[in-house]
Q: 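Below is one structure. I have some questions about it.
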Amino acid sequence: MKKIKLHDKEFRLLIEASAIDLAVTGLAQRLNHDLQDEQPLFLSVLNGSFMFTSDLLKKITIPGTEISFIKIASYAGTCSTGTVRELIGFHKNIEGRTIVILEDMIDSGKSMAYLLDLLKARNPKKIYVATMFYKPKALVCKIPVDYYALSLENDFVVGHGLDYDDLGRNLPDLYILDNRENKA
Ligand code: 5GP
Ligand code: MG
């Protein structure tokens, strides 16, 4: 079994890059079919979505396709507001546009719920959510997950864009935290 160590933790292979590529190809085909007349603007949420975005967009054949990158800054707010998130460095006019948000992972759905509210305020025609990985059992916010490549159980994973304390994003395969090895 293929294993890796990042910082203090051991991870084992969960999904090989070839299987991720296959699922992303299927997702691209669905988008090509559904949005062929929409001149979509893909919004890639950095940092985790960089690899997914590159994999996916090479397979998108829709005329008028555009790609932009967005980053969400999170910081501790006051007691009543909890974590405050804001869009940084994104000033594009999206009024009347068909948007496809590209995420690495939807877990609780809280990040996506915030992002959807921020983008809806800019009056796009329609917003679709597309994620590489999706943990349906972890979802607590009512958000639409229109497209996903692969669904996962509620485990912590790294690789293919996803990090553990900044390490592991460059790994082509997906790894799962190895609980047996990490027990004290
Ligand atoms: P949510 O707001 O849906 O709970 O969390 C979404 C974000 O948390 C993802 O975009 C991702 O950055 C991070 N996240 C959620 N689950 C995992 C995981 O299993 N591994 C890693 N590395 N990040 C995760
Ligand atoms: Mg993320």
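Indexing begins at 1, ligand by ligand and atom by atom, following the structure's order. Nothing fancy with the numbering, it's 1 onward along the sequence.
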Q: Would you mind listing which atoms of ligand 1 come within a distance below 4.0 Å of any non-hydrogen atom of Ser108?
A: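 Those qualifying, in numeric order: 1 (P), 2 (O), 3 (O), 4 (O).
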
Q: Are any of the side-chain heavy atoms of Tyr128 and Asp34 separated by less than 4.5 Å?
A: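 They are not in side-chain contact.
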
Q: Mind checking whether Glu103 contacts ligand 1 via backbone (N, CA, C, O), side chain (CB onward), both or neither, at a 4.0 Å heavy-atom cut-off?
A: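 Only the side chain of Glu103 comes within reach of ligand 1.
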
Q: So, does Tyr164 sit close enough to ligand 1 that a heavy atom of it is under 4.0 Å from the ligand?
A: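 It does not, in that no heavy atom of Tyr164 comes within the 4.0 Å cut-off of ligand 1.
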
Q: Counting only nitrogen or oxygen atoms and a 3.5 angstrom limit, does Val158 reach ligand 1?
A: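 No - when backbone and side-chain N and O of Val158 are compared with those of ligand 1, no distance drops under 3.5 Å.
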
Q: Would the distance check show the side chain of His160 and the main-chain N or O of Pro172 forming a donor-acceptor pair, the cut-off being under 3.5 Å?
A: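 Judged by distance alone, yes, a pair lies under 3.5 Å.
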
Q: For Asn32 and Thr61, indicate whether the former's side chain and the latter's backbone hold a donor-acceptor pair under 3.5 Å.
A: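 Flag set: sc Asn32 to bb Thr61 pair under 3.5 Å.
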
Q: Counting neighbours of NE2 on His7 that are heavy atoms of other residues, nucleotides or ligands and sit closer than 6.0 Å, is the number greater than 12?
A: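 For His7, atom NE2 is crowded (more than 12 foreign heavy atoms under 6.0 Å).
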
Q: Applying ring pair (Phe, Tyr, Trp, His ring centres under 6.0 Å) to Phe11 and Tyr175, what does each step give before you reach the verdict?
A: CA-CA 6 Å; Phe11 296 81; Tyr175 292 82; 7.6 Å; no

Q: For ligand 1, which atoms have a heavy atom of Lys110 less than 4.0 angstrom away?
A: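 Selected atoms, number and element: 2 (O), 3 (O).
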
Q: Taking only residues two or more places apart in sequence or in another chain, which ones pass side chain to side chain donor-acceptor pair (under 3.5 Å) with Asp8?
A: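 Counting only residues at least two positions away or on another chain, Asp8 forms a side chain to side chain donor-acceptor pair (under 3.5 Å) with Tyr164.
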
Q: If you measure from atom 12 (O) of ligand 1 to every heavy atom of Ile72, Asp104, Leu174, which option wins on shortest distance?
A: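 Selected option, by shortest heavy-atom distance: Asp104.
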
Q: Ligand 1 versus Leu152, non-hydrogen atoms closer than 4.0 Å: side chain, backbone, both, neither?
A: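 It is neither part, as no heavy atom is under 4.0 Å.
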
Q: Has ligand 1 got any nitrogen or oxygen that is less than 3.5 angstrom from a nitrogen or oxygen of Val157?
A: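 By distance alone, the answer is yes.
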
Q: Got a sec, which residues hit ring pair (Phe, Tyr, Trp, His ring centres under 6.0 Å) with Tyr147, two or more places apart in sequence or on another chain?
A: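 Tyr147: no ring pair (Phe, Tyr, Trp, His ring centres under 6.0 Å) contacts found.
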
Q: Check this for me - ligand 1, Asp107, N or O atoms closer than 3.5 angstrom, yes or no?
A: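 Yes, at least one N or O pair falls under 3.5 Å.
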
Q: Out of Ser111, Gly48, Ser49, whose heavy atom is nearest to atom 2 (O) of ligand 1?
A: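 The residue whose heavy atom sits nearest atom 2 (O) of ligand 1 is Ser111.
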
